[in-house]
Number of protein chains: 2
Amino acid sequence: MNDIKQFLRSNALRPTKQRIVIAGYLFDGTDKHVTAESLSTELTKRKHIISLATVYNTLHDFYENGLLKKLTLSADRVYFDTNTDDHHHFYSEKEQFLIDINKNIKVNGLPKTPKNKKINKIEVIVHLDK
Amino acid sequence: MNDIKQFLRSNALRPTKQRIVIAGYLFDGTDKHVTAESLSTELTKRKHIISLATVYNTLHDFYENGLLKKLTLSADRVYFDTNTDDHHHFYSEKEQFLIDINKNIKVNGLPKTPKNKKINKIEVIVHLDK
DNA sequence: TATCAGTTTAGAATGATTCTAAAGTATTGA
DNA sequence: TCAATACTTTAGAATCATTCTAAACTGATA
């Protein structure tokens with residue numbers, strides 16, 4: 001609890017009740033993939049009434065501060081990943097199936113980066129169904 | 001024109017005026033990346049009045065028949081690619097910048113595919129900015 | 001503890017996409 | 001060639017994730 005406050009403060013985030021609850025859930029040591037909706041549902045299940053707007057705000061605040069990774073898996077919702085290490089994913093849209101690939105994947109044969117641009121990140125998505 | 005009709009028919013698509021116009025534009029020999037919106041704008045520019053609903057329907061019909069690839073680049077719109085070969089992309093969300101990587105990219109070090117699943121496609125997105 | 005900047009929130013707004021159902025059109029067989 | 005049928009197109013409404021608004025609230029600071 002105080003570690004969480006400290007953790008939030010050290011990331012320039014005021015430790016509000018809501019952020020403490022959400023951070024406590026997200027950063028409990030196990031990697032998680034959440035959407036605003038799934039997180040909201042989980043919080044409700046745990047009797048934490050936090051508005052959906054705040055869930056969105058908090059996910060973005062955490063993301064902006066590098067505490068979450070944003071995943072581009074399908075066009076109909078945004079996923080956030082508590083594992084911020086460089087890694088990739090197996091994904092099944094149909095089954096909402098999503099697992100980390102932590103192995104060191106190597107992408108070989110990339111052409112030159114376009115002029116005056118630099119690579120921010122390389123995302124590999126292994127789609128398991130259409 | 002008749003080739004286009006033939007082309008549509010051979011893909012089990014009735015060659016309607018709208019589909020002929022859209023196919024004529026999309027499959028003119030140059031690779032294209034479009035969204036429903038961008039395609040609609042382009043058609044309007046060419047004095048072809050086709051409803052947005054039809055643009056969506058047609059993109060999906062073409063996609064369902066394997067004439068287009070669907071790209072998962074950002075969560076706020078769907079991109080379609082006339083290049084249906086196995087290939088990847090450089091992408092800048094900020095600048096709406098999108099180019100094909102046709103070189104043979106190799107992804108090495110993939111772990112075992114999850115039990116009872118099979119890989120549909122591997123998508124590599126090289127993000128050029130956040 | 002008062003002040004103030006940063007937060008939360010309900011509800012409205014937005015924007016891409018899908019749905020509905022009515023009107024239009026390609027296809028088919030006689 | 002034509003009528004019957006099935007497939008398409010369309011405007012406008014509906015949906016749904018997400019963002020916005022602006023008013024109430026709260027953590028930090030002095």
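Every chain is numbered from 1, with letters handed out A, B, ... down the list of sequences. Nothing here was measured: the structure is a model prediction, and the numbers come from that model.
- The 12-atom threshold is not exceeded at NZ of A/Lys5, counting heavy atoms of other residues, nucleotides or ligands nearer than 6.0 Å.
- For A/Leu52 and C/dT9, the CG to P distance is 11 Å, given to the nearest whole Å.
- DNA chain C lies under 4.0 Å from at least one heavy atom of each of the following residues of residues 12-26 of chain A: A/Arg14, A/Thr16, A/Gln18, A/Arg19.
- Look at CG on B/Leu8: it is 15 Å from C1' on D/dT9, rounded to the nearest Å.
- Checking B/Asn65 against B/Asn11 by side-chain atom types alone, no donor-acceptor pair falls below 3.5 Å.
- Applying the salt bridge (charged side-chain N to carboxylate O under 4.0 Å, His left out) test to pairs two or more places apart or on separate chains, those with a residue in residues 45-58 of chain A are A/Glu42-A/Lys45, A/Glu42-A/Arg46.
- Looking at heavy-atom distances under 4.0 Å, B/Asn57 makes contact with a base.
- Distance A/Asp76 CG to D/dT15 C1': 13 Å, rounded to the nearest Å.
- Remark: C1' of D/dT18 and CG of A/Asp61 are 15 Å apart, rounded to the nearest angstrom.
- Using a 4.0 Å cut-off between a side-chain N of Lys or Arg and a carboxylate O of Asp or Glu, B/Asp61 and B/Arg19 qualify as a salt bridge.
- One end of the helix from C/dT1-D/dA30 to C/dA30-D/dT1 points its axis 30° away from the other end's axis, with each axis taken from 5 pairs and the angle rounded to 10°.
- Between A/Phe62 and A/Phe27, the ring planes are tilted. Angles from 30° to 60° get that label.
- When each of B/Glu37 and B/Arg9 is assigned the nucleotide of DNA chain C with its nearest heavy atom, B/Glu37 is the one assigned upstream, toward the 5' end.
- For the pair A/Leu39 CG and D/dA17 P, the interatomic distance rounds to 15 Å; values are reported in whole Å.
- The shortest non-hydrogen separation linking B/Glu123 to A/His127 is OE1-NE2, 2.7 Å.
- Put simply, OH on A/Tyr56 is 9 Å from C1' on D/dT19, counting in whole angstrom units.
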